[in-house]
Colleague: 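Take this structure first; my questions come after.
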Amino acid sequence: MISFDEAMALLAEHIAPLDAETIALPKAAGRTLAAGITAAIGSPRRTTSAMDGYAVRLDSVVPDAPLRVVGEARPGHPYDHPLATGTAVRIFTGAPLPESADCVIMQEYASREGEDVRFSAGFGPACHIRQQGSDFAKGDVLLGQGTRCDPKALVAIAAGDRADLAVHRQPRVALLATGDELAEPGSAQRAPYAIPDSTSYALAALVEREGGVVSTRKRGLDDLPALERQAGEMLGGADLVVVTGGASVGERDFAKPMFAAHGLELLFDKVAIKPGKPVWLGRAGGRLVLGLPGNPTSAMVTARLFLQPILALLQGASTVHRWRTMPLAGGLPATGDRETFARAAWASEGLRPLGNQDSGVQGGLARADWLIRCPPDQAELPVGAKVQALQF
């Protein structure tokens, strides 16, 4: 049994990004860049107005003295002549600044009379101009390799005038929930000893949220020959197989034996954490296989701690966990000899640990939005103590 940090180090050492492909910008949401993005044009492309008002030469402006309005500039429709002394151009936000103009006076300070405009005192000292390339210049690196294309990143990519981008291929993930007792949600009530399969849909949602594609989602009975066949089928069409349940050492625990016939080689087997000690990771048939505990809460905690970073690494991400130092809004009991990840909810004064931390809890799982990292043998912590936490 290894520590959590040792398990994370093994992930970083053994999981390489998938191959790259080129896609169009409209399909880029949620994908991870396989190469950096450089700007094809600068921003602003030309010196522009930051306000609606009048473009002027400051040496021509005397408060309450008239200037002749000689034209108009709008975004995409510039005033294409040098601005002469004693003249002004009506200009709108985002329009290119006329040649020779060095200031935009906000329209709130302007009084228009026919073809003349006068400006009241106090319009400066700001000139309300965005200089060409002041955001970024042509050729500047906008986003680095490994950046995920969230909405803010897409703004930068589009602003740099890039229509196509290289991204890592989306991981294909096969999900298999094992156990004779599992039933499709909605049908368990018709069999006295059935239990709804409550993790498969959640894991599928996590995979898709993190940029992966669910290639197949199945349930398997506790029948080793049948599970071996299912394992072979799933390995053939996936980059990663995730199996839940059957991770202990009982006579009916087949999660690892079902992959043995396909050459299973373990990277780690059990991690000294609570919940989720039975979590394991290996390779079979040239594919990654992640085993998660059968208890729903343990499965979801270990999915956050292991499945999410595996998906990130397969897509070329450089950062897998972002821990934050946060205060406790409720006391935290002492921990045992394993590193513990306590579920907590955010309150206005800090993190409040949930009262029931049992690994089989399902009803309270929706209230947990943070995991508090507690080292082994940690003493009881009072309200206000600072802890390391991860969004759940």
Side-chain angles (χ1 to χ4, degrees), residues 7 11 30 148 170-189 194-221 230 234 237-248 255 271 273-281 288-315 317 320-322 340-346 353-354 356-373 389-392:
L11 261 61
R148 190 170 187 198
Q170 292 179 281
R172 298 165 300 172
V173 183
L175 301 174
L176 177 63
T178 66
D180 290 343
E181 74 280 13
L182 297 181
E184 186 71 11
S187 68
Q189 55 199 290
I195 297 175
D197 173 13
S198 59
T199 57
S200 291
Y201 289 99
L203 291 175
L206 185 151
V207 167
E208 292 172 356
R209 186 192 69 191
E210 297 304 315
V213 175
V214 177
S215 60
T216 185
R217 183 182 62 82
K218 294 182 178 180
R219 283 189 301 277
L221 299 175
Q230 282 185 301
M234 294 182 127
D239 302 296
L240 168 66
V241 177
V242 180
V243 55
T244 57
S248 296
V271 181
I273 59 173
K274 183 180 179 180
K277 180 176 74 170
V279 65
W280 57 275
L281 179 67
L288 288 167
V289 183
L290 175 66
L292 302 179
N295 278 324
T297 291
S298 292
M300 295 312 299
V301 170
T302 49
R304 176 63 183 93
L305 296 175
F306 296 93
L307 176 55
Q308 198 163 329
I310 289 171
L311 293 170
L313 290 167
L314 287 171
Q315 296 173 87
V320 292
H321 285 322
R322 291 183 174 90
T340 300
F341 294 90
R343 301 177 298 285
W346 171 253
L354 301 187
N356 189 346
Q357 295 286 331
D358 186 82
S359 61
V361 168
Q362 299 181 77
L365 195 60
R367 297 194 299 273
D369 45 19
W370 290 88
L371 293 176
I372 300 173
R373 186 177 184 180
L390 178 72
Q391 275 196 301
F392 184 24

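Quick note: numbers below take in every heavy atom, side chains included, and nothing from hydrogens, waters or symmetry partners. On a predicted model such as this, the values are computed, not experimentally measured, just so you know.
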Colleague: Tell me whether D180 contacts the main-chain N or O of L221 through its side chain, where contact means a donor paired with an acceptor under 3.5 Å.
Modeller: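 No: the side chain of D180 does not pair with the backbone of L221.
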
Colleague: For a quick test of reading the model, state the closest non-hydrogen atom pair linking P196 to L182 and the distance between them.
Modeller: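 Smallest interatomic distance, heavy atoms only, reads O-CD2, 4.4 Å.
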
Colleague: Distance check, rounded to the nearest 0.5 Å: Q170 atom CD versus E210 atom CD?
Modeller: 12.0 Å

Colleague: If I compare all heavy atoms of L292 with all of A299, which pair ends up nearest, and what's the gap?
Modeller: CD1-O, 3.9 Å

Colleague: Rounded to the nearest 0.5 Å, how far apart are CG of D369 and CH2 of W346?
Modeller: 9.5 Å

Colleague: From R304 CZ over to L390 CG, what is the distance, rounded to the nearest 0.5 angstrom?
Modeller: 4.0 Å

Colleague: Identify the two heavy atoms, one from M300 and one from F392, that lie closest to each other, and give their separation to 0.1 Å.
Modeller: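 The pair with the smallest heavy-atom distance is O-CE1, 3.5 Å.
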
Colleague: Ignoring hydrogens and angles, tell me if any N or O in the side chain of S187 forms a donor-acceptor pair with the backbone of E184 under 3.5 Å.
Modeller: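 It does hold such a pair.
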
Colleague: Write down the atom of A204, the atom of R217, and the distance for their closest heavy-atom approach.
Modeller: CB-CD, 4.5 Å

Colleague: Would you please name every residue forming a side-chain contact (heavy atoms from CB on, under 4.5 Å) with A7, sequence neighbours left out?
Modeller: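 Result, side-chain contact (heavy atoms from CB on, under 4.5 Å) vs A7: I2, F268, V271, F306.
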
Colleague: Could you check whether any side-chain N or O of T244 sits under 3.5 Å from a backbone N or O of G294, counting only pairs where one atom can act as donor and the other as acceptor?
Modeller: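 No; zero donor-acceptor contacts below 3.5 Å.
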
Colleague: Once rounded to the nearest 0.5 Å, what's the spacing between atom CG of N295 and atom CD of Q362?
Modeller: 8.5 Å

Colleague: Return the set of residues passing side-chain contact (heavy atoms from CB on, under 4.5 Å) with I372 (not counting sequence neighbours), or none when no residue passes.
Modeller: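 L328, L332, A342, A344, L351, P353, C374, V387.
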
Colleague: Of V242, D239, I310, which meets side-chain contact (heavy atoms from CB on, under 4.5 Å) against L288?
Modeller: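 Option passing the side-chain contact (heavy atoms from CB on, under 4.5 Å) with L288: I310.
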
Colleague: Is the closest side-chain heavy-atom distance between L203 and V173 below 4.5 Å?
Modeller: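 Not in contact.
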
Colleague: Enter the distance from R343:CZ to T297:OG1 here, rounded to the nearest 0.5 Å.
Modeller: 4.5 Å

Colleague: State, with a plain yes or no, whether a side-chain heavy atom of L307 is found less than 4.5 Å away from one of L240.
Modeller: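 Contact flag for L307/L240 side chains = yes.
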
Colleague: Is any side-chain heavy atom of T302 closer than 4.5 Å to one of L290?
Modeller: no

Colleague: Could you grab the distance from atom CD of E208 to atom CG of L311, nearest 0.5 Å is fine?
Modeller: 11.0 Å

Colleague: For the backbone of R373 and the side chain of T340, can you confirm whether one donor and one acceptor N or O come within less than 3.5 Å of each other?
Modeller: no

Colleague: Determine the minimum heavy-atom distance between T199 and P296, stating which atoms define it.
Modeller: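 Heavy atoms of T199 and P296 come nearest at CG2-CA, 3.6 Å.
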
Colleague: Grab the two heavy atoms, one from G30 and one from Q315, that are nearest each other, plus how far apart they are.
Modeller: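 Smallest interatomic distance, heavy atoms only, reads O-OE1, 4.3 Å.
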
Colleague: Side-chain contact, heavy-atom cut-off 4.5 Å: Y201 with L175?
Modeller: no

Colleague: Apply side-chain hydrogen bond (donor to acceptor under 3.5 Å, both in side chains) to R367 and list each qualifying residue two or more places apart in sequence or on a separate chain.
Modeller: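 Per chain and number, R367 pairs via side-chain hydrogen bond (donor to acceptor under 3.5 Å, both in side chains) with no residue.
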
Colleague: Is it true that R219 and Q230 share a donor-acceptor pair across their side chains at a distance under 3.5 Å?
Modeller: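 Not at all, the side chains of Q230 and R219 share no donor-acceptor pair under 3.5 Å.
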
